[in-house]
Amino acid sequence: MRHLIAALFASLVAAPAFAALPEDGGLNFQPAATRIAERVHEFHNVLLWIITAITILVMVLLLWVMVRYSQRANKTPRKFSHNTTVEVIWTVVPALILVGIASLSFPNLYYQNVTPNLGEIAATSKQLLAEGRTAQHLAYTKNHFPDAAEKGFVNVKIQGNQWNWTYTYPDLVDESDIPVEFVSNGVHKGRPSDKENYEKATGRRDFDSLPVNYATDYPMVVPAGRYIRYYVAAADVIHSWTVPAFAVKTDAVPGRLNEGWFLVEEPGIYYGQCSELCGIDHAYMPIEVRVVTQAQFDRWAELMKAGDYEAALAATVMTAAVEPETKYASNN
């Protein structure tokens, strides 16, 4: 009865929430939910201008060559095989363009792939403030988050299986020192019995309202405004844990432990999918991440440690949905 009341209350509270679902034929990226994604989008916008300029230049050169050196305009063509000046230009200029692109790309790769040193972030922030370097501190905190650094990491281990995800929270342990761990299955499997199986397994009646091929029975839950450090592995074949709104994509490889991080400031629901062909049900291996406030995450953790999964999920449905915007992301 308690679960039923919690679910009913969740549905009432969740009703007014705004949902921005992926649209067929949509242009550009999903809205950025992390600083990593913002930097990727900024880099993409710069590259778009560069490639547009190159395309226009090449098109103009081709048109000029076709008109200026056509048979009609050039009755007697000159015969030569080399032009040193032209060859130097078309070698040096593209090389300089690539160097310029690399100078923008490498810092983004470093920022995304190197897990932040939280102690260093907090210390640097305090030093800048102590020295009165407000402008430098403002620039520094655009890419680093001192308040979150003070709180430390939230660690999550993610294991890819055929065809679901296992989430383990090594820092959330019960009285027997057993960490919170659960399997996250895709709700939709492309079969006529999906609804029946879902309702039988969970006792819920919200199947028809769930986003097709994105929803899971038990999502990954993390707090907003915290550094999330995740470790990715695989039990069988190669998978890839991908959430486009976070701009993270980390391969899950058997026998190898890969590491990544992200920080989401806005609570909401974010979706992704396995992005590495992993077998017959690869298309039905979604990722659902619910970002909630710290207090709500603590409540979820307590319920999960007690083994009350349905009550924990009902709490995240209520709390995530009342935020200003519920965000959805796709691989498109």
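All of these numbers come straight from a predicted model, not from anything done at the bench.
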Closest heavy-atom contact between R204 and E199? O-CG, 3.2 Å

For a quick test of reading the model, state the closest non-hydrogen atom pair linking I121 to P116 and the distance between them. CD1-CB, 3.7 Å

Can you name the residues that form a ring-ring contact (aromatic ring centres under 6.0 Å, His included) with [X], not counting sequence neighbours?
X: F43; answer: none
X: F182; answer: Y167
X: H282; answer: none
X: F297; answer: W300

[X] side chain near [Y] side chain, heavy-atom distance below 4.5 Å:
X: T52; Y: T55; value: no
X: E181; Y: K157; value: no
X: L47; Y: I51; value: no

What ring-ring contact (aromatic ring centres under 6.0 Å, His included) pairs are there with at least one residue in [range], not counting sequence neighbours?
range: residues 44-76; answer: F29-H44, W64-Y69
range: residues 123-157; answer: Y140-H144
range: residues 87-124; answer: Y111-W261

Looking only at the aromatic ring of each residue, does the gap between the centers of F207 and H188 stay below 6.0 angstrom?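 Yes, the ring of H188 comes within the 6.0 Å limit of the ring of F207, centre to centre.
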
Is V187 reachable from Y218 through a run of I, L, V, M, F, W or Y residues, each pair having side-chain heavy atoms under 4.5 Å apart?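 No, separate clusters.
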
Neighbour count >12 (heavy atoms, 6.0 Å) for atom CD, E87: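 Buried by this count: over 12 neighbours within 6.0 Å.
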
Does E131 CD have over 12 foreign heavy atoms under 6.0 Å away?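 Counting other residues, nucleotides and ligands, CD of E131 exceeds 12 neighbours.
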
Does [X] have any salt bridge (charged side-chain N to carboxylate O under 4.0 Å, His left out) partners at least two apart in sequence or in another chain, and if so, which?
X: E120; result: none
X: E150; result: K126
X: E259; result: none

All side-chain contact (heavy atoms from CB on, under 4.5 Å) counterparts of I97, not counting sequence neighbours: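 side-chain contact (heavy atoms from CB on, under 4.5 Å) list for I97, sorted by chain: I50, I54, V93, I101.
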
Report the residues that fulfil side-chain contact (heavy atoms from CB on, under 4.5 Å) with S193, sequence neighbours left out, ordered by chain and then residue number. R191, N197

